[in-house]
Amino acid sequence: MSISGRLSRFARRNSARPEIDARRAGIGILVVFLAPALLIYAGFTIYPVLRTFYNAFHAIKPHGVVEFVGLGNFTALLLADSIFWKAVSNTAIFTIVATIVDVFGGLLLALCLFARAPLAPLLRVVWFTPVLMSYVVVGIVWVWIYDYDWGLANAVLHWLGLGAYEQSWLGHPSTALSSVLVAHVWKWLGFNMIVFLAALHALPAEVLGAAELDNCGWLAKLVYIIIPMLRATIVNLLVLSFIGKMMVFDLIWIMTGGGPLWSTETVSTYVYKRAFEWNTFDLGYPSAIAVLWFIIILAFIAIMTRLLRQRDRLEF
Amino acid sequence: MHACFAMRSVAAVGLVTAAILGGVATKASAQNVTLEVWSHEADEPAKVAFRELAAKNLEKSRPGAKVKITWYEKNPLFAALKTALPAGKGPDVFYLEPDQVEYITASYVIPLDDLVNWNNIEPWARKVWTHNGKTYGIPQEAYTNELYYDKDALKKLGIALPANGQLTQAQFLEVAKKARAAGMTPISQGVGDRPYPGAYISGEALLRKLGPDDYQKLFTGKLSFADPRVVEVLKWVKELVDAGAYPKNFMTLKLGESHYYFYSKPGAVTLPMGSWYTGRAFVPEDKGGQPEKFPLGIMQYPAMDGGACNQCKTSAIGASFVINAASKQKELAAAFLNAMSTPEMGKMWIETVYLQTGIKADVKNFSGPHAAYFTELMDRQKGVTYFIGSPRDMVTGECKDTFAQVLNSAFPGGLLTVDQAVQMMNKSCYKG
Amino acid sequence: MATQMRLGFAQLRRLPLVLFVVLYSVVSGGPFLWVATMSLRTTAEIFKNPYGVPSPVHWEKFADAWTKSNYSTYFWNSATVVVVAVALVTVIGSMAAHCLARYRFRGNRFVRFLILSGLVLPPQLLILALFQILLDLDLYNTLTGLVIVYVATHIAMTVYILEGFFAQIPQDLFDAARMDGYSDFEIFWRVTMPIGAPAIFTTVTLNFIILWNEFLFAVVLLTDDAKRTLPLGIMHFTGSHQLDVGMVATGLMIAILPIILIYAFFSEAMIKGMTAGAVR
């Protein structure tokens, strides 16, 4: 971990003291430093966002035909689009479950290594490897793992004598979403583990030592001492993981394409489908989905920050 | 009539066409131009060779012209087209199938009536591509829905097929049950990457039960799926599904994998498929093709009890080519379409792809390593009444998506009851 | 005696821990090893026995993938796009971060907020409009267009990490530099950049990994086979009917290897890079 946020805030406040002029610069200098970033950011991030909002109120048809439809896209979306609501509920389930498993699974792994498991320094590096893999790689590998005929999942079940549980994991609506979720968690567990491990090593040793002396059980130690002390890290990771999962696209697109029977359709895959797969060629409706979803994400971030962070707010 | 698979002699017309083509060729300018073509079927060597030859022929007759064909798989091809065309970009010529009418309604492709030499094309095939009096695509591949089977496997089950290849619906159900009992998969089929294979059995059964007129009504929203005849058919399909007719990995098995599943590993008794099956099956075994000695047979789809048209069969147009409205060289593009559609090319198609075609072609004496197969295919066309077009050519919009999800996948996948399937289909398709 | 007993007990208690650690190592590393073995076997061999050891070892498959398939094109496309985009976003981002961290000016907070709000923008909100915009600019289906999009969408994260680090560089250094008569650019180049090098290295690794793996923007903004990046190229391969598992596995290894090689040498830097946003 670099230097903690508190320190940086302290440094900033400290240097806010009126100095000679090293903190001042002519407008020309500012422009030269900021312009490249601002221009490219404005042109290819802010403008697209605004244009998406504009699109959401229009029907964008082939050959440059643009029709104003007002709230038409939104009313259709909210009132008549059953696939959208299916996608919303799938995304919600995916986000909530994956976030919790990711963060607390990561904590568990970190605790294992923190408890001086053999080869901990090496395992730390090995367990992190899936984080570096692209979704394309992870997706394809897990599609193979779930393959009915020769996949690893069924082979392991078979080997364990649990042949009765062999099934087409991605082919049944009741298992498809959880199967994709497992692949997603597999990729990200190492990430959360590393962050927790860093936080654990930053804990003051005396506190843990004191708990040891009190003959505190490991569970009690975890619940009463470690978790409260890691609160900031946990909150940080929950929010981060939550945002990431609300936008999940790549892995699902590669593994199931949203099927079977829309059981893995997420908002992101649905946006893509409506834009480029359906036979409508209309960019307005999918833009409306993206806009609505963005507003929901923002609302969730606001609520989570308020609920979980209390005093320590998002840093920027 | 269309049914004769473009086998009749049209040599005279062909000669005339060749003359016309030659005339056009001399007029062509000598400047260097490249014609961009995007084609599906990258993994079917015979079709690749066919189209590359047509490209070479065109280049020969048009000095300075170059034809660049980019080979795609189906889904990536349409993903690329759906982003390129709204951009006013994309190739001059591309592959399309007749159910993809959205390209026509969005005016991404142009009418070919005055651009292409239609004398070489079967009128019934042209009709498939005709919308509001204009023709948008040049049909190349024609096919029938066939029920392939493994002759040895059927023998092993102790079932004798009548000479006309026709089983009743009860007999076919019996095949499925016996096969399962013997540890064999009765029907190899998968819907992992296509929106239609799962509906082969139910589609042909519905056609036979209802007859062409009501069948058409069913898929154009004018007949309810709750019609007792439809329900009877679906109940029979459900019996098949419950008997374990389809592979366990039906939902994720891809099209090509279902072929391999049928003839190699683990093997299946039957494979319902368009007759374009051979395009991928008749490649060398080490390239994933069918083993040389595989005892491939063709039976008729099961006869339905009280069926209105038990001699009915689906015939449809597959691979076709269209011209991008944004193309800057439409005339050259049309010349390429013509170069693919000469009688000589039609003959080559039948002889090398082992498949029917929308091109008029004269093939009297069929030879080659798969002559026996083609003879059997022709035998199975005797006395048949054709229905032109597959269900997915008839359904549109939400109904199309529901067809893909329900009749194609969830229902044969065993995830829905007959009532649920009827209800879901009616909700998005029935307008009565 | 008592301590010994406790030790023995502790040892026993460690058994589940060790078992769990072994099990998770198999789960996290197993799939990767499996793909590695498959990349050296032919599809026929794989279908015969999916979990066999490669024998004989088909090293030539890598050469085949590289020469006969388009993997070399995909690889160089990815390399070009990622190297150029990372270089640009690093330079542009550190300039902006330096400016925001060092200078007090009217609108500082607003600019900061504007740029950092990019952290919460879902790509889906951008992608459709970016598609239209690149079309308007004739940059659709070009690697240049993809580079621009990559730079624009990764400025926020880069500035976020760098600005935090730059702000911690003691002000005295800058005051001293100013006294020595350094110009604003010299201060950036000779003070901020060298001292901020670890943070810059962190953003470079982070951006490199993310962009090397990027899929959504590439799939929408590129169509030509000759312009595909590696993730798209691999997807193209799996779309095939006759799924050539062995060849796809080889392709996967080609996509993974650069990352793994760098990771072998710079694992700490890469771990730090990937988690930089979360830890700060």
Side-chain angles (χ1 to χ4, degrees), chain A residues 1-3 8 11-12 15 19-20 22-23 25 29-30 33-34 36-37 40-41 44-45 48-49 51-52 55 112 115 117-118 123 125-128 130-137 140-141 145 150 191 194-195 198 236-237 240 243 247 249-250 268 271 275 283 286-287 290 294 297 301 316, chain C residues 17-18 20-21 25 28-29 31 35 50 92-93 95-96 98-99 103-105 111 115-116 118 120-126 128-130 133 148-149 151-153 155 164-165 167-168 171 174-175 178 184 209 213 215-216 231 234-235 238 248 252 255-256 259 263 267 271 274-275 278-280:
Chain A
M1 177 153 54
S2 62
I3 310 163
S8 78
R12 234 172 276 155
S15 52
E19 289 293 337
I20 328 140
R23 283 197 156 268
I29 299 292
L30 294 177
F33 274 118
L34 282 178
I40 197 166
Y41 183 74
F44 294 90
T45 302
V49 170
R51 186 148 175 187
T52 303
N55 284 349
C112 282
L123 292 180
V125 172
V126 172
W127 289 0
F128 189 74
V131 178
L132 304 171
M133 305 290 153
S134 70
Y135 279 119
V136 173
V137 171
I140 292 172
V141 171
I145 288 176
W150 52 279
F191 179 86
I194 291 280
V195 176
N236 215 354
L237 284 178
L240 203 70
I243 299 174
M247 306 173 189
F249 169 81
D250 304 30
S268 302
V271 169
L283 289 181
S287 297
F294 177 58
I297 292 182
I301 294 176
F316 63 89
Chain C
L17 173 72
V18 173
F20 178 82
V21 164
S25 298
S28 81
V35 175
I92 294 176
M95 277 162 61
H98 169 78
C99 188
Y103 300 119
R104 282 184 291 119
F105 56 93
V111 171
I115 293 185
L116 296 191
V120 293
L121 290 179
Q124 289 78 27
L125 196 63
L126 303 173
L128 303 180
L130 274 174
I133 292 165
I148 295 176
V149 168
V151 171
T153 48
I155 280 182
F165 193 91
Q168 290 166 35
Q171 182 62 28
F174 294 93
D175 295 344
R178 181 55 53 94
D184 289 281
I209 296 165
N213 292 339
F215 178 69
L216 176 60
I234 295 168
M235 276 306 281
T238 57
V248 175
L252 291 183
I256 296 172
I259 298 263
Y263 189 56
S267 55
I271 288 176
M274 283 301 280
T275 51
V279 175
R280 231 178 65 77

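Proteins get letters first, then strands, A, B, ... in listed order; numbering begins at 1 in each. Predicted, not measured: the structure shown is a model, and the values here were computed from it.
A 4.5 Å side-chain heavy-atom check between C:Asn213 and A:Val137 finds every atom pair outside the cut-off. Side-chain atoms of A:Ile297 and C:Val120, non-hydrogen and from C-beta on, never get closer than 4.5 Å to each other.
Residue with the most contacts toward chain A among C:Ile115, C:Ile259, C:Val35: C:Ile115 (heavy-atom pairs, distance under 4.5 Å). Put simply, of C:Val149, C:Ile256, C:Thr153, C:Leu125, the one with the most heavy-atom pairs under 4.5 Å next to chain A is C:Leu125. With chain A as partner, the option from C:Leu121, C:Ile209, C:Ile133, C:Leu126 having the largest number of non-hydrogen pairs under 4.5 angstrom is C:Ile133.
Once rounded to the nearest 0.5 Å, the distance linking CE of C:Met235 with CD1 of A:Ile140 reads 6.0 Å. Atoms CG and OH, on C:Leu216 and A:Tyr135 in that order, are 11.5 Å from each other to the nearest 0.5 Å. Separation of atoms CD1 (A:Ile29) and CZ (C:Phe105) is listed at 12.5 Å; rounding is to 0.5 Å. For the atom pair C:Ile155 CD1 and A:Thr45 OG1, the distance stands at 7.0 Å (nearest 0.5 Å).
Of the possible donor and acceptor atoms, none in the side chain of C:Ser28 sits under 3.5 Å from a partner among the backbone N and O of A:Trp127. Formation of a donor-acceptor pair under 3.5 Å by the C:Tyr263 side chain with backbone atoms of A:Leu132 is not found in this model.
Contacts of A:Pro130 with chain C are made by side-chain atoms alone, with heavy-atom separations under 4.5 Å and no backbone atom involved. Both the backbone and the side chain of A:Ile145 come within contact range of chain C, judged by heavy atoms closer than 4.5 Å. With a 4.5 angstrom heavy-atom cutoff, A:Leu283 touches chain C via backbone and side-chain atoms both. Heavy atoms of A:Leu30 lying under 4.5 Å from chain C belong to its backbone as well as its side chain. If you measure heavy-atom distances from A:Val131 to chain C, the contacts under 4.5 Å come from both the backbone and the side chain. Proximity to chain C (any heavy atom under 4.5 Å) is restricted, for A:Leu123, to the side chain, taken from C-beta onward.
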